[in-house]
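Read the structure below first, then the notes.
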Amino acid sequence: MKNPDTEDLYTRIWTLVSQITRGRVATYGQIATLAGSRRHARAVGYALKCAPMPLPWHRVINAKGEIAFPPTSTNYETQHKRLRREGIPVVNGRVDLKKYRWTPRDREFPDEYFAAET
DNA sequence: CATATGACCTATG
DNA sequence: TCATAGGCCATAT
């Protein structure tokens, strides 16, 4: 991560993820959109991987409601365990986004966060 | 510079 | 609901 723009992007992603409330989940695309552009869905994963501070990364899942790690990985197990521990059911490998999707509060996210991307 | 690889997403049938 | 196709983009090699 040498590019300064990328660093800004990652910083916004880290801030957003840190604000996901307990017992709720957000998707990679959702975070990317809030961070400024919905095209960076893939970059969210990278940003979480190199986060310099502890973050509730387990609250970030894909658009289908699934844990994005390979089901056989230890990362998958860790995330699954943490979600269940927060009271988020994972049935058939997926979370009900209709019920558990996190939505930012207006006060936390001023209008510029939702402005059309340039 | 060219490819390949993901903690991805949407549109479409 | 599932599968496929095409798109996206930071990183790694």
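Because only heavy atoms are used, hydrogens play no part in the values below, and waters and symmetry mates are left out as well, while side chains stay in. Just so it is clear: chains get the letters A, B, ... in the order the sequence lines come, proteins before strands, and each one is counted from 1.
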Check: Arg101(A) main-chain N/O paired with Arg24(A) side-chain donor or acceptor under 3.5 Å: yes
Can you confirm whether Ile31(A) sits close enough to Ile20(A) that some side-chain heavy atom of one is under 4.5 Å from a side-chain heavy atom of the other? yes
Hits for salt bridge (charged side-chain N to carboxylate O under 4.0 Å, His left out) against Lys64(A), two or more places apart or cross-chain, chain-then-number order -> Glu66(A)
Within the side chain of Asn92(A), is there an N or O that forms a donor-acceptor pair under 3.5 Å with the backbone of Arg94(A)? no
Any side-chain heavy-atom pair from Arg59(A) and Trp102(A) closer than 4.5 angstrom? no
Using a heavy-atom cut-off of under 4.0 Å over every strand shown, decide if Arg94(A) touches base, sugar-phosphate, or nothing. sugar-phosphate
Ignoring hydrogens and angles, tell me if any N or O in the side chain of Arg12(A) forms a donor-acceptor pair with the backbone of Ala35(A) under 3.5 Å. yes
Send over the distance from Tyr76(A) OH to dG6(B) P, rounded to a whole Å. 18 Å
Using the P atom in both, what is the distance from dG7(C) to dA7(B), to the nearest Å? 22 Å
So what stems show up for DNA chain B if we need 3 or more Watson-Crick or G-U pairs in a row, all under 3.5 Å? B:2-6 with C:9-13, B:8-13 with C:2-7
I'd like to compare against my own output: the B/S/- annotation of nucleotides 7-13 of chain B with a strict under-4.0 Å heavy-atom distance to protein. BBS----
Can you find a pair of side-chain heavy atoms, one from Trp57(A) and one from Arg82(A), that are under 4.5 Å apart? yes
Quick one: does Gln30(A)'s side chain have a donor or acceptor within less than 3.5 Å of a partner on Thr103(A)'s backbone? no
